[in-house]
S.K.: 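Before I ask anything, here is the structure I am working with.
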Amino acid sequence: QVQLVESGGGLVQTGGSLRLSCVASGFIFRLNTMGWYRQAPGKQRELVADITSGGITNYTDSVKGRFTISRTNIKNTVYLQMNSLKPEDTGVYYCKGPFGYWGQGTQVTVSS
């Protein structure tokens, strides 16, 4: 049974930082691409960043230079380090694994 459990969200001021974590189970983590998505109120869910099994990363343009995705295969965990946060980064952040599985989401709120 695939499980993805996110943590690390919260309320932060503009310019602040947060680190999200997603612990995975139920599949061979090291062999799969993992992604972080977000959904702002009234908007569609969008890709923020993903990382392949080989460590190749991809970011949406609006977070390049501010966010960093990484993974620790021995801990079955993928991270999203978010720096220089802006109010437009506010939303629910979801971890996405293989086979269309999603985590439950963690709220990130950036105050101006």
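All figures in this text were calculated on a predicted structure; none of them were measured in a lab.
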S.K.: Taking salt bridge (charged side-chain N to carboxylate O under 4.0 Å, His left out) as the cut-off, I'd like each qualifying pair that reaches into residues 101-112, sequence neighbours left out, listed once.
M.R.: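 Qualifying pairs: none.
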S.K.: Identify the heavy atoms of Ser7 and Thr106 that sit nearest to each other, and give their distance.
M.R.: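 Heavy atoms of Ser7 and Thr106 come nearest at C-OG1, 4.3 Å.
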S.K.: If I compare all heavy atoms of Phe29 with all of Thr72, which pair ends up nearest, and what's the gap?
M.R.: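 Taking every non-hydrogen atom into account, CE2-O, 4.1 Å.
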S.K.: According to ring pair (Phe, Tyr, Trp, His ring centres under 6.0 Å), who are the partners of Tyr37, at least two apart in sequence or on a separate chain?
M.R.: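 Ring pair (Phe, Tyr, Trp, His ring centres under 6.0 Å) list for Tyr37, sorted by chain: Trp102.
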S.K.: Show me, pair by pair, the donor-acceptor contacts under 3.5 angstrom made by side chains of residues 10-28, not counting sequence neighbours?
M.R.:
from	atom 1	to	atom 2	distance (Å)
Thr14	OG1	Ser111	O	2.8
Ser17	OG	Asn83	OD1	2.9

S.K.: If a pair satisfies disulfide (SG to SG under 2.5 Å) and one of its residues is in residues 35-79, list it, with sequence neighbours excluded.
M.R.: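 Residue pairs passing disulfide (SG to SG under 2.5 Å), neighbours aside: none found.
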S.K.: Could you note down all residue pairs passing disulfide (SG to SG under 2.5 Å) where residues 29-66 supplies at least one of them, sequence neighbours left out?
M.R.: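 Every candidate disulfide (SG to SG under 2.5 Å) pair involving residues 29-66 fails, so no pair, neighbours aside, qualifies.
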S.K.: How long is the span from the NZ atom in Lys96 to the CG atom in Asn32, to the nearest 0.5 Å?
M.R.: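 Answer rounded to 0.5 Å: 10.0 Å.
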S.K.: Using atom types as modelled, flag every donor-acceptor pair under 3.5 Å from a side chain in residues 50-57 to any protein atom, sequence neighbours excluded.
M.R.:
from	atom 1	to	atom 2	distance (Å)
Thr52	OG1	Gly54	N	3.3
Thr52	OG1	Gly55	N	3.3
Thr52	OG1	Ile56	N	3.0

S.K.: Taking atom OG1 of Thr77 and atom CE of Met34, what is their separation to the nearest 0.5 Å?
M.R.: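 Interatomic distance, Thr77 OG1 to Met34 CE, rounded to 0.5 Å: 9.0 Å.
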S.K.: Among residues two or more places apart or on two chains, list those pairs meeting salt bridge (charged side-chain N to carboxylate O under 4.0 Å, His left out) that have a residue in residues 98-112.
M.R.: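 Listed once each, the pairs would be none.
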S.K.: Does anything in residues 67-100 form a ring-ring contact (aromatic ring centres under 6.0 Å, His included)? List the pairs, not counting sequence neighbours.
M.R.: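 Every pair satisfying ring-ring contact (aromatic ring centres under 6.0 Å, His included) with a residue in residues 67-100: there are none.
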S.K.: Only pairs at least two apart or in different chains count here, so list each disulfide (SG to SG under 2.5 Å) that has a residue in residues 38-78.
M.R.: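 Disulfide (SG to SG under 2.5 Å) check on residues 38-78 returns no pairs.
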S.K.: Show every side-chain hydrogen bond (donor to acceptor under 3.5 Å, both in side chains) that has at least one partner inside residues 58-68, sequence neighbours left out.
M.R.: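 Sorted result for residues 58-68: Arg38-Ser62, Asp61-Lys64, Arg66-Asp89.
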S.K.: Looking at every heavy atom in both Leu4 and Gln104, which two are closest together, and how far apart are they?
M.R.: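 That would be O-OE1, 3.4 Å.
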S.K.: I'd like to check the side chain to side chain donor-acceptor pair (under 3.5 Å) partners of Gln3; sequence neighbours left out, ordered by chain and number.
M.R.: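 With neighbours one apart ignored, the set is empty.
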S.K.: So does Ile74 have more than 12 non-hydrogen atoms from other groups sitting under 6.0 Å from CD1?
M.R.: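 Count not over threshold, so no.
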